[in-house]
There are 2 protein chains.
Amino acid sequence: MLDIKRLHIDTTTTLIAMEDEVDRLVAAWRRERPDLDVEPLEVLSRVSRLARHLDRARRLAFSEHQLEPWEFDVLTALRRAGTPYQLSPGQLLTQTLVTSGTMTNRIDRLAKKGLVERLPDPSDRRGVLVRLTDEGRDRADQALAGLLDQERAILAELSRAQRGELAGLLRQLTAPFDNIPG
Amino acid sequence: MLDIKRLHIDTTTTLIAMEDEVDRLVAAWRRERPDLDVEPLEVLSRVSRLARHLDRARRLAFSEHQLEPWEFDVLTALRRAGTPYQLSPGQLLTQTLVTSGTMTNRIDRLAKKGLVERLPDPSDRRGVLVRLTDEGRDRADQALAGLLDQERAILAELSRAQRGELAGLLRQLTAPFDNIPG
DNA sequence: GGCACATATCTCGAAGTCAAGAGACTTAAT
DNA sequence: ATTAAGTCTCTTGACTTCGAGATATGTGCC
């Protein structure tokens with residue numbers, strides 16, 4: 001059985017690894033189900049749990065700018081599109097991985113707050129274009145800066161080289177999902 | 001600026017790294033906001049996106065056992081506790097990272113399906129103990145085996161050593177959240 | 001042109017989550 | 001004993017999401 005904590009110590013050479021919830025979870029499964037190989041949990045349970053912690057941290061970071069995470073997701077998708085900061089609702093939903101009903105609702109609420117506006121698509125009368133207002137762009141830019149500051153603090157646990165390595169390993173796992181449409 | 005794809009190639013030595021959505025997202029930010037250092041996104045956006053993909057995959061794996069992901073989370077927390085498979089609602093919420101209102105609702109629904117039962121705590125009359133029924137235990141065991149099979153398939157992208165390294169790096173990020181109560 | 005099918009967006013109702021607070025009980029200090 | 005503060009669980013109401021279907025427009029074939 002692979003001893004992951006030991007490997008970790010080998011790579012850092014300075015500190016004893018701190019235990020986390022997943023170490024306790026895996027130990028519990030090995031006690032209760034010694035017949036099963038639970039090694040996959042060492043990676044994927046950490047991914048899921050870390051994502052939950054990140055959601056909470058993001059919510060906190062955005063609250064300083066009076067933005068909800070879902071608002072940030074939509075505004076930054078438009079911001080990344082570049083000037084004139086316009087996308088169709090359909091393009092927005094493929095980027096944010098939500099359903100069309102949800103996106104309609106989100107656009108309604110963002111428009112009511114004056115952060116986006118709906119325009120008729122000149123080339124397709126079924127369609128609509130969603131455009132970022134100036135205030136929407138500024139709010140997105142400010143929130144992004146705040147988010148990056150907070151993420152840097154979380155990642156300070158790792159050296160630059162370790163962050164690069166981690167990003168590369170994660171890419172190997174995400175690439176199949178992102179490239180084989182699933 | 002750190003070139004993460006290059007680092008990745010160095011560590012694998014066999015394959016060209018495939019691009020993923022985060023590479024495209026980061027490239028868009030570097031075009032639109034060249035003044036910002038968006039390196040943190042290389043790690044943490046991948047964590048969030050991978051977690052979303054995992055949620056979908058888990059939902060699919062569990063549907064073969066007529067279980068929702070939230071049901072699995074609660075049942076397995078009890079299963080891991082070991083015989084007699086009892087925990088308080090409070091212990092369950094620290095393990096599943098949901099709020100107390102949500103947990104009350106979940107216990108209600110699981111009890112209605114006959115997978116858990118509520119018992120008065122003999123040592124604290126404010127308290128309740130939630131106990132797994134025999135059927136609940138069997139369903140949890142079956143779903144866990146299915147989940148592990150699926151996770152092994154996702155992780156087949158990585159060598160055993162890479163999985164160990166990834167687990168160790170992730171632990172360094174999760175440990176502060178898990179140990180400093182946040 | 002007219003018909004069938006595809007596409008884009010919106011509407012609506014059901015379901016789950018959260019946050020805040022209420023109610024019941026425990027603990028510790030006086 | 002009594003009081004105050006703390007703990008544990010449940011209740012409530014607002015909010016967001018999803019999924020299915022409705023409406024309007026576009027596209028291609030005959």
Side-chain angles (χ1 to χ4, degrees), chain A residues 48 51-60 62-63 66-75 77-78 86-113 115-131, chain B residues 48 51-53 55-56 58-60 62-63 66-75 77-78 86-113 115-131 181-182:
Chain A
S48 294
R52 278 199 101 137
H53 290 306
L54 290 176
D55 279 347
R56 293 186 170 192
R58 290 207 316 160
R59 183 177 305 277
L60 197 64
F62 293 149
S63 68
Q66 283 86 49
L67 278 185
E68 298 290 320
W70 64 263
E71 296 178 297
F72 178 84
D73 288 342
V74 176
L75 296 180
L78 293 165
Q86 290 178 353
L87 290 173
S88 70
Q91 291 173 308
L92 284 172
L93 33 113
T94 64
Q95 288 209 28
T96 55
L97 303 179
V98 298
T99 60
S100 65
T102 299
M103 187 52 67
T104 298
N105 186 7
R106 288 182 175 187
I107 295 166
D108 286 347
R109 286 175 280 157
L110 287 170
K112 200 167 298 178
K113 291 178 72 170
L115 303 179
V116 305
E117 54 192 346
R118 251 189 265 250
L119 307 171
D121 183 336
S123 67
D124 184 339
R125 260 181 299 185
R126 293 170 303 180
V128 170
L129 288 177
V130 181
R131 181 163 68 190
Chain B
S48 294
R52 266 197 111 135
H53 292 306
D55 279 346
R56 293 186 170 193
R58 291 206 316 160
R59 183 177 305 278
L60 198 64
F62 293 149
S63 67
Q66 285 86 49
L67 278 185
E68 299 289 322
W70 65 262
E71 296 178 296
F72 178 83
D73 287 342
V74 177
L75 296 181
L78 293 165
Q86 291 178 352
L87 289 174
S88 69
Q91 291 172 307
L92 284 173
L93 39 107
T94 64
Q95 291 208 28
T96 55
L97 303 179
V98 298
T99 60
S100 65
T102 299
M103 186 52 67
T104 298
N105 186 8
R106 288 182 174 187
I107 295 167
D108 287 346
R109 285 176 281 159
L110 286 170
K112 201 166 300 180
K113 291 178 71 171
L115 302 179
V116 306
E117 54 192 347
R118 251 190 264 251
L119 307 172
D121 184 336
S123 68
D124 185 339
R125 261 181 300 186
R126 294 168 305 179
V128 170
L129 289 176
V130 181
R131 181 164 66 191

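Hydrogens, waters and symmetry mates are skipped; everything else that's a heavy atom, side chains included, is used. Note on naming: letters A, B, ... go to the chains in the order of the sequence lines (proteins, then strands), and numbering restarts at 1 for each one.
- Residue-environment remark: CZ (R125(A)) stays at or below the threshold of 12 foreign heavy atoms within 6.0 Å.
- At a threshold of 4.0 angstrom between heavy atoms, the contacts of G90(A) are confined to the sugar-phosphate backbone, with no base atom among them.
- Applying the side chain to side chain contact (heavy atoms under 4.5 Å, CB included) test between W70(B) and each of L110(B), T96(B), L75(B) identifies L110(B) as the sole match.
- Atom P of nucleotide dT16(D) and atom CG of L97(A) are separated by 19 Å, given to the nearest angstrom.
- OP1 or OP2 of dC18(D) lies within a sub-4.0 Å distance of a side-chain N or O belonging to T99(A).
- Not counting sequence neighbours, the partners of D124(A) by the salt bridge (Lys or Arg N to Asp or Glu O under 4.0 Å) test are R126(A).
- Counting heavy atoms from C-beta on, the side chains of R56(B) and L97(A) come closer than 4.5 Å.
- Between N105(B) and N105(A), the residue anchored closer to the 5' end of DNA chain D is N105(B), taking for each the nucleotide with the nearest heavy atom.
- For the contact set between residues 117-127 of chain B and DNA chain C, defined by any heavy atom under 4.0 Å, the members are D124(B), R125(B), R126(B).
- Nearest nucleotide to the V128(B) side chain, out of dC10(D), dT9(C), dT17(C): dC10(D).
- Following rounding to the nearest Å, I107(A) (CD1) and dT11(C) (P) show an atom-to-atom distance of 11 Å.
- Taking atom CG of D108(B) as the reference point, atom P of dT9(D) lies 14 Å away to the nearest angstrom.
- Looking only at side-chain heavy atoms (C-beta outward), S88(A) and D121(A) stay at 4.5 Å or farther from each other.
- Taking atom CZ of residue R56(A) and atom C1' of nucleotide dT17(C), one finds them 12 Å apart after rounding to whole Å.
- The phosphate of dG16(C) has neither OP1 nor OP2 within less than 4.0 Å of any side-chain N or O from T102(B).
- Within the structure, a side-chain polar atom (N or O) of W70(A) is placed less than 4.0 Å from OP1 or OP2 of dT16(D).
- Of the candidates L87(A), L92(A), V74(A), V130(A) forms a side chain to side chain contact (heavy atoms under 4.5 Å, CB included) with just one, namely L92(A).
- At the phosphate of dC8(D), neither OP1 nor OP2 sits under 4.0 Å from any side-chain N or O atom of S88(B).
- As judged by a 4.0 angstrom heavy-atom cut-off over every strand, R59(A) is placed among residues making no nucleic acid contact.
- In this structure, E68(B) places its CD atom 11 Å from P of dG19(D), rounding to the nearest Å.
- One can place CG of L93(A) at 13 Å from P of dT17(D), the figure rounded to the nearest angstrom.
- Inter-residue side-chain proximity for L93(A) and T102(A) is flagged as unmet; no heavy-atom pair is nearer than 4.5 Å.
- Here T104(B) does not reach the OP1 or OP2 of dT9(D): none of its side-chain N or O atoms lies under 4.0 Å away.
- In this structure, M103(B) places its CE atom 11 Å from P of dC10(D), rounding to the nearest Å.
- One atom, CZ of R106(B), and another, P of dC10(D), lie 14 Å apart when rounded to the nearest Å.
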